[in-house]
Amino acid sequence: MSDFSGPAIWYALDYPQAQWRHDIAEGLRDTHPELATLIDQGQVYIPVDIFLDMHQLQHDPVVRFVTKRVGRQAGKTTAQEAGLWDDVWLPDDEHGSPLIWVGADEKTNADKIWGRFIAHVDQLDDTLKQHFHENKNDGVITIDAGTFQNKWPIRILRKTGENAGTWVGDPLSRARLDEAQQIPDTAITNMLPALQTRQGKMFATGVAENDHHGTTWWYLFNKRGVDPTDVEFYASAAPSWAVPWQDRTQIERDREVLGDELWSARYAAEFPTLSGAVFPAEYRERFFDHGLSFKEPDEGSGIYGAGLDVASGGDDFTVLTIGDERNRQIVFARAYPRIEPHLQQKLVAEDLHRYGNAHGLLDGTVAGIYWATDLANLQCRLAPYEMSGRGKATLIEEFRRALERELISAPAIPQLNDEMEVYQRTEHRNQYGAYGYDAPRGYHDDWVVSAALLSKQLGAGSAVRARREGTRKVMAYV
């Protein structure tokens, strides 16, 4: 029934440049003559070297868990769809025809693979296309028996990490997972028995993020994949610049915006050296300068910014941090005694006025919003900063970037250092797509949030470039 000339090499990306596609397709005529018909039909997939290992492992008798760390826009989603065409050629076994899952963290990302597959089905001639049946609502594609030399219908199911409880079912032949770094551990744990029953294979692609102190399945599978003695696991990396259509100049520009560590994860496909550490020791060592000390205000000439974290109850402290806007150095930091809020506010106001009525930010929690009004009545100039949604994540990530680039400095502050040392990022993103940042259970983050608000006020987190030229630091700001 099938007019396909065998699985051949379905590796392939829709090159944005038509000439790239034409030149490589023509070159395939000599090396893969079986693709000539498909080339003539305009349906050929272009082999890309960085994904050939995934193709070669399709029928490896030993390797079962393949993880590929991929830089942004390196073609991982399309490579997964290309692999899906390999999967439908799998032979029947004692469990019947192939059962294949297409999974991602959320439906939108799963549909990237799914949609490409359906789009290429639509390009088939009518005699073939009529054997593919899609149920969009249930997330099922059924391929009639005999289409790919199978005695029973082939099924492709869509799975999302948002519904980890559904990652169970009949013995599984293949799992194609995209945005794997965001798929929760529970989904993978639920999937493994179905994969084990059929000795199926998993092909997972994602970026080198969300290692969460080296405990997530994504990090651990990648770690096992580079251990030559762990023969069922295979891992490799494909940086963004490994594909010919990427602009390396633009990639380097993004390094200036993201910072070295985040850029390495998103483009170079490298996990952070210190897994899970929000504020690595090397950042803190550069931030805390033991040659510095707190400074009294410069009468008449000082320009100061402030960050205030308001105690929300319990064991929390209200912490005020003040910095000199001229050199982005912290000159004052204080945790206030746990007394009545209106008494705390008077003490905070006194300190702010002593430093030229420093203007700045306070945390926009419910308590913080009340404080903003009360402090305004004391002629203070602190505005609430929205902490919900993406707000806190953006605040902490900008503070981290400022530390990475040495754009803010402080004298030794033991309480702040202690909080930064244990500060952590949560495993999963919230509904706004942002990671959660917080202190571990039993710890506080009052000093961290206060310093981060000050950094935001001083503009350190918005610096997009900082490099050393001898002993001089050159900076540009957006």
Side-chain angles (χ1 to χ4, degrees), residues 11-17 20 46 48-54 66-82 104-105 108-109 112-113 177-183 203-212 214 216 218-219 221-223 225-226 235-278 280 282-283 390 393-394 396-398 400-407 425 429 433-435 461-467 476 478:
Y11 266 89
L13 299 173
D14 294 324
Y15 279 78
Q17 299 92 339
W20 271 110
I46 308 301
V48 177
D49 287 345
I50 62 173
F51 296 116
L52 286 179
D53 54 350
M54 290 174 61
V66 179
T67 50
K68 188 90 173 182
R69 304 185 312 279
V70 184
R72 293 179 62 184
Q73 299 179 341
K76 61 184 174 65
T77 302
T78 314
Q80 286 283 42
E81 188 253 337
D105 58 328
T108 301
N109 289 325
K112 291 178 182 177
I113 303 174
L177 310 181
D178 197 17
E179 301 297 340
Q181 76 280 359
Q182 296 301 335
I183 295 176
F203 292 86
T205 51
V207 297
E209 292 183 336
N210 209 11
D211 61 330
H212 195 56
T216 64
W218 174 240
Y219 179 83
F221 276 38
N222 273 278
K223 184 177 180 180
V226 297
S236 61
S240 296
W241 55 85
V243 291
W245 58 84
Q246 282 285 7
D247 182 350
R248 185 63 185 264
T249 303
Q250 182 57 53
I251 291 174
E252 289 298 329
R253 289 196 196 103
D254 284 352
R255 183 202 290 265
E256 297 176 347
V257 176
L258 296 173
D260 291 338
E261 187 169 306
L262 190 56
W263 180 89
S264 293
R266 293 187 180 178
Y267 285 98
E270 297 175 357
F271 280 111
T273 303
L274 297 173
S275 62
V278 177
E282 59 193 87
Y283 291 10
R390 293 191 56 87
T394 300
I396 298 301
E397 287 164 4
E398 288 187 355
R400 173 191 168 94
R401 189 184 309 158
L403 266 61
E404 178 186 352
R405 293 164 178 245
E406 302 178 60
L407 300 177
R425 187 182 73 183
R429 297 177 188 264
Y435 289 112
S462 66
V464 298
R465 184 175 71 254
R467 67 180 186 274
V478 293

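This one's a predicted model, so the numbers in the text were calculated from it and none came from an experiment.
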Using side chain to side chain contact (heavy atoms under 4.5 Å, CB included), reason through V70 and V207 one step at a time and then give a plain yes or no.
CA-CA 5 Å; V70 184; V207 297; 5.9 Å; no
The test is side chain to side chain contact (heavy atoms under 4.5 Å, CB included); show your working for R400 and Y283 and say whether it passes.
CA-CA 8 Å; R400 173 191 168 94; Y283 291 10; 4.1 Å; yes
Spatial distance of atom [atom1] ([X]) from atom [atom2] ([Y]) [nearest 0.5 Å]:
X: T249; Y: D254; atom1: OG1; atom2: CG; answer: 11.5 Å
X: L403; Y: E398; atom1: CG; atom2: CD; answer: 12.5 Å
X: Y267; Y: E252; atom1: OH; atom2: CD; answer: 10.5 Å
X: R248; Y: S240; atom1: CZ; atom2: OG; answer: 9.5 Å
X: N109; Y: D178; atom1: CG; atom2: CG; answer: 6.5 Å

Assess the side chains of S236 and K68: does a donor N or O sit below 3.5 Å from an acceptor N or O?
yes
Donor + acceptor pair across side chains of Q181, E179 (<3.5 Å)
yes
Does the distance from a Lys or Arg side-chain N to an Asp or Glu carboxylate O, for R401 and E404, drop under 4.0 Å?
no
Would a 4.5 Å heavy-atom cut-off, applied to side chains only, mark [X] and [Y] as touching?
X: I251; Y: W263; value: yes
X: M54; Y: Q80; value: yes
X: I183; Y: W218; value: no

Taking every heavy atom of A208 against every heavy atom of R69, the minimum-distance pair comes out as CB-CD, 4.1 Å
What are the two closest heavy atoms between A204 and A180, and how far apart are they?
CB-CB, 3.9 Å
Got a sec, which residues hit side-chain contact (heavy atoms from CB on, under 4.5 Å) with T108, two or more places apart in sequence or on another chain?
E106
Taking only residues two or more places apart in sequence, or in another chain, which ones meet D105 in a salt bridge (Lys or Arg N to Asp or Glu O under 4.0 Å)?
none
